[in-house]
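Since the structure comes first, as structure tokens, the remarks are kept for the end.
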Amino acid sequence: MTETLQTAENISGNVPRASANVRHLSRMELPGGGQVVAQGKYAFVGHQHRPDGTTILDISDPRKPVIVSKLMTSHPMSHSHKVRVVGDLMLVNSEIEPGAGSLRDYPAGGFHIYDIKDKSDPKLMTFVKTHGKGVHRFDVDETYAYMSTEMEGFVGNILVIYDIRNPSKPIEVGPAPLWLLLVRASRCPIPCRHRRSPHAVRCRPPFSSAPPEATM
């Protein structure tokens with residue numbers, strides 16, 4: 001695993017061309033990793049299973065990564081397997097883990113925002129409660145957080161956008177104006193298994209809030 005893969009220029013025929021010039025540097029045993037993101041000399045690992053939440057690693061020496069801090073989940077039924085970092089902010093999801101218990105007994109769906117100026121001591125700035133199962137995948141930039149979450153009045157996950165310019169007090173600016181995601185249960189002819197948007201994406205304006213037939 002320490003060998004460098006052959007570059008595409010040096011192989012021919014039907015030899016697989018997976019990833020050129022990739023070298024295995026190290027391995028670290030961590031509880032089931034979910035999402036992993038890197039920023040500078042740090043890596044952030046969201047764990048798939050409770051009670052492990054988020055681990056921050058110093059990867060300045062990628063051959064010898066070091067754990068600098070670890071967060072546990074905030075509720076015994078939650079998992080926090082998604083993590084995003086922007087500047088000195090770290091956002092993690094809070095979602096009921098499948099098989100953890102009854103959704104009716106789950107009060108902790110949403111997301112947390114941490115101040116990570118000191119990576120060895122993340123400080124919770126706020127928790128934003130959403131609805132139902134909570135937040136699944138999400139994305140973030142310097143201004144907005146784009147959350148895939150259940151919300152009251154909708155069936156399954158929709159995309160909800162929050163203004164995080166004041167990270168201590170995020171402001172919900174509304175569901176994304178993507179008409180397909182905003183079908184209310186009482187009017188939706190689509191089978192329940194399809195009424196979900198579990199993976200949030202960012203969009204650059206302009207985009208239309210109207211159904212396609214209204215703009216054709």
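Because the structure is a prediction, the values reported are computed rather than measured. Keep in mind that the numbers below use all heavy atoms, side chains included, and drop hydrogens, waters and symmetry copies.
Salt bridge annotation for Lys119-Asp58: absent, with no cationic side-chain nitrogen under 4.0 angstrom from a carboxylate oxygen.
Heavy-atom minimum distance, His112 versus Ser74: CE1-OG, 3.2 Å. Between Thr73 and Ser78 the shortest heavy-atom distance is CG2-O, 3.5 Å. Nearest heavy atoms, Tyr144 versus Asp163: CD2-CA, 3.8 Å. Residues Glu172 and Val160 share a closest heavy-atom pair of CG-CG1, 3.8 Å. Nearest heavy atom pair, residue Ile164 against residue Ala145, reads CG2-CB, 4.0 Å. Of all heavy-atom pairs between Met77 and Ala100, the closest is O-CB, 3.6 Å.
Atom NZ of Lys129 has more than 12 heavy atoms from other residues, nucleotides or ligands within 6.0 Å.
For residues 55-78, the pairs satisfying ring pair (Phe, Tyr, Trp, His ring centres under 6.0 Å) are His75-Tyr106, with sequence neighbours left out. For residues 27-69, there are no ring pair (Phe, Tyr, Trp, His ring centres under 6.0 Å) pairs, not counting sequence neighbours. The salt bridge (Lys or Arg N to Asp or Glu O under 4.0 Å) pairs that include a residue from residues 97-108 are Arg50-Glu97, where partners are two or more places apart or lie in different chains.
The closest side-chain heavy-atom distance from Met72 to Lys70 is below 4.5 Å. By the 4.5 Å heavy-atom criterion applied to side chains, Pro65 and Ser26 are counted as neighbours. With contacts defined as side-chain heavy-atom distances shorter than 4.5 Å, the pair Tyr114/Thr54 does not qualify. Proximity of Met147 to Leu91: side-chain heavy atoms (C-beta onward) are separated by under 4.5 Å at one or more points. Between Ile113 and Met90 there is no side-chain heavy-atom pair separated by less than 4.5 Å. Between Asp141 and Val86 the shortest side-chain heavy-atom distance does not fall below 4.5 Å.
For Lys117, the side-chain hydrogen bond (donor to acceptor under 3.5 Å, both in side chains) criterion is met by Asp115, not counting sequence neighbours. Checked against side-chain hydrogen bond (donor to acceptor under 3.5 Å, both in side chains), Lys41 has no partners two or more places apart in sequence or in another chain. Taking Val128 as the reference, Phe111, Thr126, Tyr162, Pro170 meet the side-chain contact (heavy atoms from CB on, under 4.5 Å) condition, with sequence neighbours excluded. For Ser168, there are no side-chain hydrogen bond (donor to acceptor under 3.5 Å, both in side chains) partners, not counting sequence neighbours. For the side-chain hydrogen bond (donor to acceptor under 3.5 Å, both in side chains) test, no residue two or more places apart in sequence or in another chain qualifies with Arg63. Scanning for salt bridge (charged side-chain N to carboxylate O under 4.0 Å, His left out) contacts around Asp61 gives an empty result, with sequence neighbours left out. For the salt bridge (charged side-chain N to carboxylate O under 4.0 Å, His left out) test, no residue two or more places apart in sequence or in another chain qualifies with Asp88.
Side chains of Thr149 and Thr130: a donor-acceptor N/O pair is present below 3.5 angstrom, by distance only. Asn157 and Ser148 are linked by a side-chain donor-acceptor pair at a separation below 3.5 angstrom, with hydrogens and angles left out of the test. No side-chain N or O of Asn93 forms a donor-acceptor pair with one of His136 less than 3.5 Å apart.
For the atom pair Lys133 NZ and Ser94 OG, the distance stands at 14.0 Å (nearest 0.5 Å). The distance from the NE2 atom of His131 to the CE atom of Met151 is 8.5 Å, given to the nearest 0.5 Å. One distance of note links CD1 of Ile56 with CD of Gln39; it measures 10.0 Å at 0.5 Å rounding.
Under the 4.5 Å side-chain heavy-atom criterion for Ile, Leu, Val, Met, Phe, Trp and Tyr, Val37 and Phe138 are members of distinct hydrophobic clusters.
In the hydrophobic clustering (ILVMFWY side chains linked at under 4.5 Å, chained through shared members), Phe127 stands by itself. Other members of the cluster containing Val45 are Met28, Leu30, Val36, Leu57, Ile59, Ile67, with ILVMFWY side chains joined at under 4.5 Å, either directly or via other members.
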